[in-house]
Amino acid sequence: LLLSIFTCRLAISEIVTPPPPTIQAKSYILMDAANKQILLQHNADLPLPPASLTKIMTSYIAAYEIEQGNFSDEDMVPISVKAWKKPGSKMFVREGTKVSLQQLLKGIIIQSGNDASIAVAEYISGSESAFADLMNQHAKNLGMNNTNFLNSTGWPAEEHLSTAKDLAILTQALISKFPEHYKIYAEKSFSFNNITQDNRNKLLFRDDTVDGVKTGYTEVAGYCLVASSVKDGMRLISVVMGTSGPQARATESQKLLSYGHRFFKTLTTHTPNRTIHQSKIWMGEKNTLDLGVRDSIIVTIPRNQLDQVDTKLILPTEIRAPLSKGEEVGKLIVTLSDQPIVETALITLAPAEQAGFFKRIWHAILLFFDGLI
């Protein structure tokens with residue numbers, strides 16, 4: 001193989017990256033939503049009680065079912081005795097009434113209503129236990145490998161567990177797949193049944209860059225918060241689990257988000273359908289072949305290392321026609337300080353038709369004398 005290397009040099013200011021902040025939580029994570037790259041973490045794969053962070057999955061499934069056309073925002077959902085009687089945080093729905101699915105979702109997201117969560121679970125799956133099965137199937141599909149849901153609310157149960165990493169994965173999927181639904185998470189208050197309740201996410205009231213996500217608390221779980229903020233086009237997701245109080249979960253989350261925005265930058269190094277390299281091709285109608293990548297390559301880099309991002313191309317010693325569009329013919333590796341951080345296939349951006357008989361004969365002669373055949 002031949003190795004071709006080129007470097008992307010970016011002008012930057014002199015920034016010294018300090019040590020990560022000390023976070024007072026049982027577990028935490030900071031993730032870049034653009035590429036799911038983890039910037040900071042501690043005990044991120046430790047299964048812990050997620051409390052009402054569970055409701056992110058409850059709303060995710062509702063958004064999914066609505067998008068699939070199985071339900072509508074305007075559906076009127078019956079309120080069962082079980083939903084009405086459920087203790088803990090409430091939307092204050094009444095048994096025997098019907099409430100629109102849209103209002104129930106606001107009750108779940110903004111007011112953290114256990115009653116609303118159960119009503120939605122029963123409406124979608126017939127029972128809360130059946131809905132929990134659906135939650136676990138979605139979790140599996142998303143790669144939430146250390147999560148097990150037993151209910152739609154986060155009500156304490158011995159085997160009802162998740163992790164900071166899994167909840168960050170879920171939140172990234174929620175934001176990317178259902179952006180209109182996600183807008184509810186930014187709403188600061190909601191009124192139902194003549195009762196107005198504020199969103200428990202204190203960061204919504206302190207930081208204009210924050211637009212979600214969800215708080216959680218039980219005695220065994222402690223105070224938890226999934227938060228997300230966007231600044232200068234960079235979206236970060238933070239999760240803290242097991243902090244000491246409602247003020248602490250906001251403070252620790254703010255420390256993570258501020259650190260990420262201050263000292264890291266998201267870069268799109270390559271985009272699809274753009275020529276990265278022109279390679280010589282043998283036996284083809286044309287003599288060169290345009291190569292690129294299928295998907296955008298997005299990396300998150302410490303700001304003081306932006307000038308250390310390089311790109312390496314690994315190509316075969318010779319490429320022959322015919323080739324179809326999209327065929328893999330090599331590799332592209334993005335490195336930081338000579339360490340690989342992303343590897344992906346180099347593909348053909350257009351088909352390469354085989355040349356006529358005489359050109360193929362001539363190329364065969366040239367390859368023979370070059371020792372390639």
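Here the structure is a predicted model, which means the values were calculated and not measured.
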With sequence neighbours excluded, what pairs up with Ser100 under the side-chain hydrogen bond (donor to acceptor under 3.5 Å, both in side chains) test? Gln103
Could you tell me if the side chain of Ile61 sits less than 4.5 Å from the side chain of Gln137, heavy atoms only? no
Just wondering, do Met135 and Thr58 contact through their side chains at under 4.5 Å, heavy atoms? yes
Ser72 side chain to Glu74 main-chain N or O, any donor-acceptor pair under 3.5 Å? yes
Indicate the atoms forming the closest heavy-atom contact of Ala119 with Pro78, along with that distance. CB-O, 4.4 Å
On a heavy-atom basis, which atom in Glu285 and which in Gln354 lie closest, and how many Å separate them? CG-O, 3.4 Å
Asn114 and side chain to side chain contact (heavy atoms under 4.5 Å, CB included): which partner among Lys90, Met91, Lys55? Lys55
Inspect the surroundings of NZ in Lys86 and state if more than 12 heavy atoms from other residues, nucleotides or ligands are less than 6.0 Å away. yes
Does a side-chain N-to-carboxylate-O contact under 4.0 Å join Asp207 and Lys231? no
Measuring only between side-chain heavy atoms, which start at C-beta, is Ile118 closer than 4.5 Å to Phe131? no
Between the CD1 atom in Ile347 and the CG atom in Asp290, the distance rounded to the nearest 0.5 Å is 11.5 Å
Over 60° means perpendicular and under 30° means parallel, so tell me whether Tyr123 and Phe71 are parallel, tilted or perpendicular. tilted
Between the side chains of Ser112 and Lys214, does any donor sit under 3.5 Å from an acceptor? yes
What is the minimum heavy-atom distance between Gly216 and Ala51, and which atoms define it? C-CB, 3.9 Å
Is the shortest heavy-atom distance from the side chain of Thr215 to the side chain of Arg249 under 4.5 Å? yes
Answer yes or no: is there a donor N or O on one side and an acceptor on the other, between the side chain of Gln308 and the main chain of Leu336, under 3.5 Å? no
Would a 4.5 Å heavy-atom cut-off, applied to side chains only, mark Leu257 and Thr209 as touching? no
For residues Val239 and Thr171, determine if any side-chain heavy atom of one lies less than 4.5 Å from a side-chain heavy atom of the other. no
Let me know which of Ile297, Leu332, Val342 forms a side chain to side chain contact (heavy atoms under 4.5 Å, CB included) with Thr269. Ile297
Would a distance-only check, ignoring hydrogens and angles, find a side-chain to backbone donor-acceptor pair under 3.5 Å from Thr54 to Pro50? no
Is the closest side-chain heavy-atom distance between Tyr64 and Lys177 below 4.5 Å? no
Is the ring centre of Phe178 less than 6.0 Å from the ring centre of Tyr60? yes
Would you say the side-chain atoms of Glu95 pair up with the backbone N or O of Trp84, donor to acceptor, closer than 3.5 Å? no
Taking only residues two or more places apart in sequence or in another chain, which ones pass side-chain hydrogen bond (donor to acceptor under 3.5 Å, both in side chains) with Glu65? Asn70
Does atom CG (Asn273) have a neighbourhood of more than 12 heavy atoms from anything else shown, all under 6.0 Å? no
Using 0.5 Å steps for rounding, measure from the CD1 atom of Ile66 to the CG atom of Leu101. 4.5 Å
Rounded distance [0.5 Å steps], OH in Tyr182 versus OG in Ser59: 10.5 Å
Between the CG atom in Asn148 and the CG atom in Asn145, the distance rounded to the nearest 0.5 Å is 12.5 Å
Please confirm whether the backbone N or O of Ile169 pairs with a side-chain atom of Lys36, one donor and one acceptor, at under 3.5 Å? no
Is there a side-chain contact between Tyr217 and Arg200 in this structure, where contact means two heavy atoms from C-beta onward sitting under 4.5 Å apart? no
Which pair of non-hydrogen atoms, one from Gly284 and one from Ala321, has the smallest distance, and what is that distance? CA-CB, 3.5 Å
Taking Arg294 first and then Glu328, would you say they form a salt bridge - that is, a charged N and a carboxylate O separated by under 4.0 Å? yes
Between CD of Gln111 and OG of Ser191, what distance do you get to the nearest 0.5 Å? 7.5 Å
Starting at NZ of Lys265, measure out to CG of Asp32 and round the result to the nearest 0.5 Å. 11.5 Å
Is it true that, when you exclude Arg206 itself, more than 12 heavy atoms of the residues, nucleotides or ligands shown sit nearer than 6.0 Å to its CZ? yes
Are the side chain of Asn201 and the backbone of Leu203 linked by a donor-acceptor contact shorter than 3.5 Å? yes
